Participant: 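Supplied in structure tokens, the structure appears directly below.
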Protein chains: 2
Amino acid sequence: MVTMKDVADRAEVSIATVSFVVNGTKRVTEATRERVEAAMRELGFARNPIGAALARGRTRILAMLFPALERPLSLTASAFFTSASRRARHRGYDLVMWPIGNDAEQIAVLARSGLVDGVLLMEVQLEDPRVAALVEHKVEFAMIGRTADPSALPYVDIDMSSSVEAAYAQLIAEGHEDIAFLASASPAYDHALVWRAMRAYREVTERHGHPTTLIACDEMPGDGRRIGERFAADYPDTTAVIILNEHAAPGLVAGLTHAGLDVPADVSLVSLGSSAYMAEMTEPQLTYMRTPGTELGELGLDALVDRLEDTQGPLPQVLLPCELVPGGTVAAAGPRRTPRRA
Amino acid sequence: MVTMKDVADRAEVSIATVSFVVNGTKRVTEATRERVEAAMRELGFARNPIGAALARGRTRILAMLFPALERPLSLTASAFFTSASRRARHRGYDLVMWPIGNDAEQIAVLARSGLVDGVLLMEVQLEDPRVAALVEHKVEFAMIGRTADPSALPYVDIDMSSSVEAAYAQLIAEGHEDIAFLASASPAYDHALVWRAMRAYREVTERHGHPTTLIACDEMPGDGRRIGERFAADYPDTTAVIILNEHAAPGLVAGLTHAGLDVPADVSLVSLGSSAYMAEMTEPQLTYMRTPGTELGELGLDALVDRLEDTQGPLPQVLLPCELVPGGTVAAAGPRRTPRRA
DNA sequence: CTGAAAGCGCTTACAG
DNA sequence: CTGAAAGCGCTTACAG
């Protein structure tokens, strides 16, 4: 390993000077800088971030916390990671995915370790024990998502109210009235996004005076399938479903099809918060509302780094709506035909 | 932040002694140890890994390298990460996912940084520039997968030959003869697993004197769909497909169905190297051969840590086969019916 | 503009 | 069994 000492010796300067040119922290004459840069090049120097971290008290490592040990990582979720990490590199940080449970204690360990300068929190819950732990341990963070009361916290999130409204409006326009809402339900997780979506759904059904039909579904294709297979019996009057559970959406289509229902003639579907990847799996292709994952990943990273670098700045709080992408699963409401088999 | 100095002061010992009890590196009298442990508890001490890393020259951080910036992260892939990181914690390391391209230069940067002690490499290619870079920069690593000649390298991998043979045998037993092989094809990536699978496929078809039909497909559902829709025209005599592209498998079923072909009556399918998650998305459910992701993640992590801790030990080299999970996409070969629509 | 020196929090021969 | 001290590679007031 070649150190600053080696570079300093070769360039015949002090290691302080080397540090100044490496970091650009102080003015250095053109001549010396060139000498130092030549030495670095010749020796193949790369600053040891461990030494720098110890001296500075900052590592320039950021962690994305996704409870990957407890639930599947969707392609949509990995889009957040991809775009956020690219953005991180752009701003001089490394963003890594830190596998951690939905667990305050593990946060405490991470915080005390001092290994990361900040945290990007995903899959935020209404009352998130991780948020409490991060605040308690004074770890800088930003959320992709938001808690029940996020007014004092930095976040970027999906504007779920408007997205639900848009999905509902789309179905209303096709003459649907009994429009169900299928949400992901995990007992251990009180996902804030789902809660807000359900609230928006209730509001919009009440405003229209239409029935409110909530369906809970695990975040696995198999549970969507199960619901689809029993759909005709369990929801005889429902002609459309808004889905907020991208893992279950293809399974739901499979289950409906298996039970002899036709999508969209018998049941129209809109998948909320998904991506082309999931939409293309089904026949017909899902009509969906795209999660702005790339945008939110970038904005979330910026929110975090802004906090890190300027604690006085305005609190970053951003909401982005999902955007409708037409597919083949929405049709005009009509009388439910008798299932062909089942 | 509470440091060893603080603990030492309170316990009235030297920081060396604190270090010895924290690490268990040297014998310490019961009495002193208890004093030190009490002090640690009272102060809420946690060893600063940055300081330790600088002193030791090791960080105890391991990186899983997945070219997540370039391709989707499947659920199967995330199972590797999940199980490997759990195992890492068990062995006293932190495994994080380091987003990095398929790029030797980025490996060099990571290596020179000294931030990680070792690397777990995924999505290994036949001639992998990352392997060359890791060797050149003397970074300890283990592969999940293997290069063209891995004889001198530590790895764990799927036993593709036997898995392909098993899938083929399954279809032969149902009377199929023209069995195609659909593999993921990405121009930038010469995925070793795919190459080995295709070689095994060629061998087995030749041995049986059956046709060899190779189909290339992008790792996206949409491309599977495209192939499915044109399947009747492009492969009129093919009655079964072995799929090695879990991203495309549901799309293929969707495309076949869309074109009026019945799965499995017209076309039988076996998805190689997949999981229940993907299998449950389609109607009927996919017959698949399960990737032993959990097992390979653990074994891969062990391989890496074994190298790290005992460079003299035997080179870890493990192959695990995929295991058949019956579904609804395999049926006896019969004459292709005329597509109902298309 | 440049350098000598202290310090970041730990580990580890070396003495005793 | 325990401690004083050097050292890991860097940053950053403080002098000059």
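First the proteins, then the strands, lettered A, B, ... as listed; each starts at 1. Keep in mind that what you see is a predicted model, and the values were worked out from it rather than measured.
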Participant: Take the protein atom CG of D9(A) and the nucleotide atom C1' of dG3(C), then report the distance between them rounded to whole Å.
Facilitator: 14 Å
Participant: Between T17(B) and dG3(D), is there a side-chain N or O to OP1/OP2 distance below 4.0 Å?
Facilitator: yes
Participant: Ignoring backbone atoms, test whether N48(A) places a side-chain nitrogen or oxygen under 4.0 Å from the OP1 or OP2 oxygen of dC8(D).
Facilitator: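 So the side-chain polar atoms of N48(A) never come under 4.0 Å of the phosphate oxygens OP1 or OP2 of dC8(D).
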Participant: Exactly one of T294(A), D302(A), T82(A) should register a side-chain hydrogen bond (donor to acceptor under 3.5 Å, both in side chains) with R87(A). Which one does?
Facilitator: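 Exactly one pass, corresponding to D302(A).
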Participant: Determine: side-chain N/O of R47(A) to OP1/OP2 of dT11(D), distance under 4.0 Å, yes or no.
Facilitator: yes
Participant: Which value, rounded to the nearest 0.5 Å, describes the distance between H90(B) atom NE2 and E298(B) atom CD?
Facilitator: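 Answer rounded to 0.5 Å: 8.5 Å.
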Participant: Under 4.0 Å, heavy atoms only, any strand: does S19(B) hit a base, just the sugar-phosphate, or nothing?
Facilitator: base
Participant: Figure out the CZ/P separation between R27(A) and dT12(D), and round it to whole Å.
Facilitator: 18 Å
Participant: Give the rounded distance in Å between these two atoms: CG of N23(A) and C1' of dA13(D).
Facilitator: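 Answer to the nearest Å: 15 Å.
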Participant: Quick one: is dT2(D) close enough that its OP1 or OP2 comes under 4.0 Å of any side-chain N or O from T29(B)?
Facilitator: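 Affirmative; the distance criterion is met.
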Participant: Can you tell me if the side-chain N/O atoms of S14(B) get under 4.0 Å from OP1 or OP2 in dG3(D)?
Facilitator: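 Yes, because at least one side-chain N or O of S14(B) sits under 4.0 Å from OP1 or OP2 of dG3(D).
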Participant: Please determine if E309(A) and R91(A) form a salt bridge, counting it only when a charged side-chain N lies under 4.0 Å from a carboxylate O.
Facilitator: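 Yes, E309(A) and R91(A) are salt-bridged.
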Participant: Roughly how many Å is it from CZ in R56(B) to P in dA13(C), rounded to a whole number?
Facilitator: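 Atom CZ in R56(B) sits about 12 Å away from atom P in dA13(C).
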Participant: With rounding to the nearest 0.5 angstrom, report the CG to OG1 distance, L121(B) to T147(B).
Facilitator: 9.5 Å
Participant: Please compare A55(B) and R33(B) by the position of their nearest nucleotide in DNA chain D and report the one closer to 5'.
Facilitator: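 Between the two, 5'-proximity favours R33(B).
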Participant: Output yes when D6(A) and R10(A) qualify as a salt bridge under the 4.0 Å nitrogen-oxygen rule, no when they do not.
Facilitator: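 Result for this pair is no, no salt bridge flagged.
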Participant: Of all the choices, dG9(C), dT2(C), dT11(D), which nucleotide is nearest to the side chain of V28(A) once you look at every atom?
Facilitator: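 The closest nucleotide is dT2(C).
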Participant: If you look at every strand shown and take non-hydrogen atoms under 4.0 Å, does V13(A) touch a base, only sugar-phosphate, or nothing?
Facilitator: sugar-phosphate
Participant: Without decimals, in angstroms, what is the distance between L54(B) CG and dG7(C) C1'?
Facilitator: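 About 12 Å, once rounded to whole Å.
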Participant: Should dA4(D) form a Watson-Crick or G-U wobble pair with both distances under 3.5 Å, which nucleotide is its partner?
Facilitator: none
Participant: Is any side-chain N or O of T32(B) closer than 4.0 Å to OP1 or OP2 of dT2(D)?
Facilitator: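 Yes, within the criterion.
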Participant: Name the nucleic acid region contacted by A52(A), choosing base, sugar-phosphate or nothing; use a 4.0 angstrom heavy-atom cut-off, strictly under.
Facilitator: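 Since only primed, P, OP1 and OP2 atoms lie under 4.0 Å of A52(A), the category is sugar-phosphate.
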Participant: Hey, what do you get for CD (E295(B)) to OG (S83(B)), rounding to the nearest 0.5 Å?
Facilitator: 8.0 Å
Participant: Let me know the distance between CD of E12(B) and C1' of dG3(D), rounded to the nearest Å.
Facilitator: 15 Å
Participant: Expressed as a whole number of angstroms, how long is the span from I15(B):CD1 to dT12(C):P?
Facilitator: 13 Å
Participant: When both hydrogen-bonding distances must be under 3.5 Å and the geometry is Watson-Crick or G-U wobble, what is dA13(C) paired with, if anything?
Facilitator: none
Participant: More 5' along DNA chain D: R35(B) or F20(A), using each one's nearest nucleotide?
Facilitator: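 First, find each residue's nearest nucleotide; the 5'-ward one identifies R35(B).
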Participant: Once you round it to whole Å, what is the distance between C1' of dT11(C) and CD1 of I50(B)?
Facilitator: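 Atom-to-atom, I50(B) to dT11(C), this comes out as 15 Å.
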Participant: Indicate, with a heavy-atom threshold strictly under 4.0 Å, whether K5(B) touches base, sugar-phosphate, or nothing.
Facilitator: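 Nothing, no heavy atom under 4.0 Å.
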